[in-house]
Amino acid sequence: MAEARRFALVDCNNFYASCEKLFAPTLAGRPVVVLSNNDGCVVARSAEAKAIGIAMGVPWFKIAATAESQGVVALSSNYALYADMSNRVVEVLSAFTPDLEVYSIDESFLDLSGFRHLDLVTYACQIRKRVARWVGLPVCVGIGPTKTLAKLANHFAKKRPSFEGVCDLMSLDEPTLAHLFSETPVDEVWGVGRRIATRLSEMGIETVEALRRSDPVWIREQFSVVLSRTVRELNGASCLSLEAVTPPKQQIMASRSFGSLVFDVEDLREALAHHVSRAAEKLRFQGDEAGALTVMIRTNAFKPAEPQYQRTVTLPLATPTSDTLHLIAVAHRILDDIFRPGFAYHKAGIMLSELRPTTAQQANLFGLPPQDARRQAAMLAMDEINRKWGRGTVRASAAGHRAGWQMRRDRLSPAYTTSWSDLPTALAL
DNA sequence: TCTGGGGTCCTAGGACCC
DNA sequence: TCTGGGGTCCTAGGACCC
């Protein structure tokens with residue numbers, strides 16, 4: 001039998017809120033929340049904000065008055081800052097193992113199977129210390145023989161102070177594990193969301209321990225192969241491997257709620273052109289072209305009393321392309337088809353799908369070149385300029401400048417680390 | 001006034017084929 | 001008892017993740 005693997009999950013604590021605190025000493029000790037786009041919902045909370053009971057995902061407008069009277073500082077999402085800090089963390093982690101999977105903006109899996117000869121708790125403490133010292137962010141480390149258990153271990157490392165930020169499940173004996181698992185609700189398991197947790201609970205499975213003890217074959221019949229795999233992983237059988245290389249995306253989406261309601265088709269045209277521009281740029285960076293484009297427009301579903309309208313239409317492209325201008329034209333053609341006047345539009349978006357590598361392109365039936373070479377060169381030049389001088393330096397005129405649809409970010413902090421003009425100033429007194 | 005955005009995978013069911 | 005059976009492709013929808 002193969003020797004058990006060792007996975008670690010390194011997760012930044014309260015990542016967005018921690019990034020904000022790092023560059024704003026005035027926030028020290030204060031409850032801080034970070035809001036989603038359009039300053040909509042709470043998507044991150046500092047320890048102080050959690051302590052006063054602010055829930056994850058709650059709409060800010062519902063709690064703003066109370067929260068502000070409690071001294072809560074709310075900030076808009078500053079993705080430029082978070083992405084840059086995330087890269088710094090990954091850079092530090094990379095020195096600890098060559099086998100690393102960047103799972104999300106604030107989490108990475110490390111394969112530590114080759115480090116069995118070391119005391120992994122000590123190793124993980126070194127990881128924590130170095131990230132804190134070199135980047136300035138707090139992280140917790142969970143270790144286990146499978147990714148699912150490493151995730152769970154990370155949860156214990158975060159929630160149980162006795163672990164001091166590092167939990168290696170493989171260093172615990174079986175009775176301790178069983179005790180820990182029987183105190184933990186089943187929805188803490190990676191892959192068990194609200195729906196499945198409810199159904200499991202109806203079957204009498206309420207804790208991690210109960211799920212671990214259930215029969216994977218029965219689980220497969222009742223639920224799916226996915227959940228039965230989770231059960232096996234909870235029992236130490238590694239089913240999910242480390243994905244060191246990010247597979248290319250199969251679809252690229254770009255959508256946004258509007259900063260205020262939109263009635264005018266011209267605003268929708270601009271918003272769609274803007275979304276297409278962003279998605280097409282990602283598409284070209286990935287070296288792909290798209291074989292289909294989807295346009296979505298919708299009114300506000302949270303206002304059932306208002307007239308509702310929603311359409312999503314996908315158009316296959318005769319010739320796959322990554323040309324922003326061509327894709328904008330297609331998006332506008334779809335919009336002309338589905339737009340209905342008289343509705344208060346709340347959100348619009350696009351999706352590029354049936355992606356394939358640009359090199360695989362073929363001439364179409366009529367023998368025309370698949371893409372005007374000069375246009376392609378223009379796209380690449382545009383990307384180069386935008387990479388060098390900042391996003392949006394050169395853009396399609398159709399993406400325009402009307403204010404009606406732009407999102408709100410009234411509480412944005414400076415781009416401390418990615419913009420010269422936003423560099424923080426330190427004073428030595 | 002005000003409720004995010006971007007992804008993946010799996011399943012079920014229908015159409016179609018031999 | 002048993003009304004053929006099994007494969008593929010596609011789509012829509014559901015579930016999950018951060």
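Order of the sequence lines sets the chain letters (A, B, ...), proteins ahead of strands, with each chain counted from 1.
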Using purine N1 to pyrimidine N3 plus N6-O4 or O6-N4 for Watson-Crick, or N1-O2 and O6-N3 for G-U wobble, both under 3.5 Å, which nucleotide pairs with B/dC18?
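Paired with B/dC18, as far as the under-3.5 Å criterion goes, is C/dG5.
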
Under a 3.5 Å cut-off for both contacts, is B/dA12 paired Watson-Crick or G-U wobble with anything, and if yes, with which nucleotide?
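Pairing partner, where one exists within any strand: C/dT11.
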
Could you check which of B/dC10, B/dT8, B/dG7 has an atom nearest any side-chain atom of A/Q251?
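The nucleotide sitting nearest to the side chain is B/dT8.
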
Over all strands shown, is A/V189 touching base, sugar-phosphate only, or nothing at heavy-atom distances under 4.0 angstrom?
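Counting heavy atoms under 4.0 Å across all strands, the contact made by A/V189 is with sugar-phosphate only.
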
Looking at every strand, decide which applies to A/I196 at a 4.0 Å heavy-atom threshold: base, sugar-phosphate, or nothing.
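Counting heavy atoms under 4.0 Å across all strands, the contact made by A/I196 is with sugar-phosphate only.
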
Validation row: A/F223, A/L200 side chains within 4.5 angstrom (heavy atoms):
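Yes. Closest side-chain heavy atoms under 4.5 Å.
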
Which residues pass the ring pair (Phe, Tyr, Trp, His ring centres under 6.0 Å) test with A/F61, sequence neighbours left out?
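Result, ring pair (Phe, Tyr, Trp, His ring centres under 6.0 Å) vs A/F61: none returned.
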
Report yes if at least one side-chain N or O of [X] is closer than 4.0 Å to OP1 or OP2 of [N]; otherwise report no.
{"X": "A/S255", "N": "B/dG4", "result": "no"}
{"X": "A/K151", "N": "C/dC18", "result": "yes"}
{"X": "A/R278", "N": "B/dG6", "result": "yes"}

Stretch residues 338-352 of chain A: residues that reach within less than 4.0 Å of DNA chain B through a heavy atom:
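The stretch gives A/H346, A/K347 as the residues lying under 4.0 Å from the strand, ordered by number.
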
Using a 3.5 Å distance criterion without hydrogens, assess whether the side chain of A/R30 forms a donor-acceptor pair with backbone atoms of A/G71.
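The answer is yes, because a donor-acceptor pair under 3.5 Å joins these two groups.
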
For atom P, what is the distance between B/dT3 and C/dC18, given to the nearest Å?
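Per the computed distance, 24 Å lies between those P atoms.
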
Is a salt bridge present between A/E209 and A/R212, judged by a nitrogen-to-oxygen distance below 4.0 Å?
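Judged by the 4.0 Å cut-off on N to carboxylate O distance, A/E209 and A/R212 do form a salt bridge.
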
